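Shown next, in structure tokens, is the structure this report addresses.
As the structure is a prediction and not an experimental result, all values here were calculated from the model.
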Amino acid sequence: MAMPVLHVHPLSSCCQKVLIATRVLGVTLEERFLNLGDPAVRAAFAELSPMGKMPLLEHGDSRVAETSIIIEYLQLHLATEGARLIPESAEAALDVRFWDRFSDFYVMTPMQALTAERLKPAGQGSEAAADDARQMLLKSYAVLDRQLQGGGWLAGADFSMADCAVAPALFYAVAYVPLPEEVVNLQAYFERLMAHPAVAAVVDGARPWFKYFPGRDGLAREYFDPEG
């Protein structure tokens, strides 16, 4: 069987979620750069993914879409022995899946809404929509802070799919809405998260593309220097 192919763009938070997972799971695959701004590339990709969304995994005759499903597929079929992001315990797995969905719906989605507002032509943005997204992020920060009172990772003692989900979402979200002083548990977690080898490697791989991120001026200078 040919080597699995993951169609990705390094700047995409959704792609970064899966790229982090591939490193933790020790998966060997081809990361194929996907530029959907190229009409020819977009048309070709539409033949693989009718919804036209990335990332997409090709493995033999299988085409696997949606980030959480891709990660589960990678663990099931391609992970190195003993590597896991979803626990064997059904109860523990439910917890991981909950915080994975929480991260996608309540951190990544409002972050992407703020990105969409920044990309609109001058005068066509909605301050009400942007404010709703900012308020959602603040509410999510508070929930995450309570979850992280015991330290460790988002869904327990082990780094999991939940951490893969929240890492890129939170990385970009804090560029728009910095973490408030009172969420000390989340602040400490964010530092642990950015120092995790798989997360650090994926963030480092995206550095050349941060200049295209609409919220780039809010990124920490260690990641992007607007004067550099």
Distance-only donor-acceptor hits, side chain of residues 161-170, under 3.5 Å, sequence neighbours excluded:
from   : atom 1 : to     : atom 2 : distance (Å)
Asp163 : OD1    : Leu154 : N      : 3.0
Asp163 : OD1    : Tyr189 : OH     : 2.6
Asp163 : OD2    : Ser160 : N      : 2.8

Euclidean distance, [Y] [atom2] relative to [X] [atom1], rounded to 0.5 Å:
X      : Y      : atom1 : atom2 : result
Met54  : Ser12  : CE    : OG    : 4.5 Å
Leu179 : Leu144 : CG    : CG    : 9.5 Å
Leu34  : Leu6   : CG    : CG    : 10.0 Å
Leu56  : Thr67  : CG    : OG1   : 12.0 Å
Leu119 : Gln124 : CG    : CD    : 12.5 Å
Ser13  : Asp104 : OG    : CG    : 8.5 Å

Count I, L, V, M, F, W, Y as connected when their side-chain heavy atoms are under 4.5 Å apart, and connections chain through other members. Are [X] and [Y] then in the same cluster?
X      : Y      : value
Ile20  : Ile69  : yes
Ile70  : Val27  : yes
Val177 : Val184 : no
Phe105 : Ile71  : yes
Val8   : Met51  : no

So do [Y] and [X] actually touch side chain to side chain, heavy atoms under 4.5 Å?
X      : Y      : result
Pro10  : Cys15  : no
Leu19  : Glu31  : yes
Val5   : Leu29  : no
Leu219 : Phe171 : yes
Val183 : Pro180 : yes
Leu114 : Gln112 : no

Determine, step by step, whether Ser68 and Arg101 satisfy the side-chain contact (heavy atoms from CB on, under 4.5 Å) criterion, reporting the C-alpha distance in whole Å, the side-chain angles of both residues, the deciding distance to 0.1 Å, and the verdict. CA-CA 9 Å; Ser68 302; Arg101 303 320 299 138; 3.3 Å; yes
With ILVMFWY side chains joined below 4.5 Å, transitively, what does Leu76's cluster contain besides itself? none
Glu191: what forms a side chain to side chain contact (heavy atoms under 4.5 Å, CB included) with it, not counting sequence neighbours? none
Those residues that, when tested against Ala201, pass side chain to side chain contact (heavy atoms under 4.5 Å, CB included) (two or more places apart): Arg23
Using modelled atom types only, decide if a donor and an acceptor are shared between the side chain of Tyr73 and the backbone of Ala65 within a distance under 3.5 Å. no
List the steps and the verdict of side-chain contact (heavy atoms from CB on, under 4.5 Å) for Phe210 and Val203. CA-CA 10 Å; Phe210 287 154; Val203 169; 4.1 Å; yes
Scan the side chains in residues 80-87 for donor-acceptor partners under 3.5 Å anywhere in the protein, sequence neighbours excluded, and list what turns up.
from  : atom 1 : to    : atom 2 : distance (Å)
Thr80 : OG1    : Leu25 : O      : 3.1
Arg84 : NE     : Ile86 : O      : 2.9
Arg84 : NH2    : Ile86 : O      : 2.9

Ring centres under 6.0 angstrom apart (Phe213, Phe224): no
Strictly by salt bridge (charged side-chain N to carboxylate O under 4.0 Å, His left out), give each pair with a member in residues 113-126 just once, sequence neighbours left out. Glu117-Lys120
Keeping to residues at least two apart or across chains, list the salt bridge (charged side-chain N to carboxylate O under 4.0 Å, His left out) pairs with something in residues 195-207. Asp204-Arg207
What verdict does the side-chain contact (heavy atoms from CB on, under 4.5 Å) test give for Ser103 and Lys17, after you've listed the backbone C-alpha separation in whole Å, the side-chain angles of each residue and the deciding distance to 0.1 Å? CA-CA 11 Å; Ser103 300; Lys17 173 181 172 179; over 6 Å; no
Answer yes or no: does atom OH of Tyr106 have more than 12 heavy-atom neighbours from other residues, nucleotides or ligands under 6.0 Å? no
Can you list the steps and then say if Met111 with Met108 is a side-chain contact (heavy atoms from CB on, under 4.5 Å)? CA-CA 5 Å; Met111 176 276 290; Met108 191 175 295; 4.1 Å; yes
Listed partners of Arg32 passing salt bridge (charged side-chain N to carboxylate O under 4.0 Å, His left out), at least two apart: Glu30
In terms of heavy-atom contacts, Trp153 and Leu148 come closest through O-CD2, 3.9 Å
Test: side-chain hydrogen bond (donor to acceptor under 3.5 Å, both in side chains). Region: residues 33-55. Which pairs qualify, not counting sequence neighbours? none
Where at least one partner belongs to residues 169-183, residue pairs that pass side-chain hydrogen bond (donor to acceptor under 3.5 Å, both in side chains), sequence neighbours excluded: Gln16-Tyr172, Thr115-Tyr176
Not counting sequence neighbours, list each pair that qualifies as a ring-ring contact (aromatic ring centres under 6.0 Å, His included) and has a residue in residues 21-58. His7-Phe45, His9-Phe33, Phe33-Trp209
Relative to each other, are the rings of His77 and His59 parallel, tilted or perpendicular (30° and 60° limits)? tilted
Can you give the donor-acceptor pairs under 3.5 Å from side chains of residues 128-138 to other protein atoms, not counting sequence neighbours?
from   : atom 1 : to     : atom 2 : distance (Å)
Arg134 : NH2    : Glu127 : OE2    : 2.3

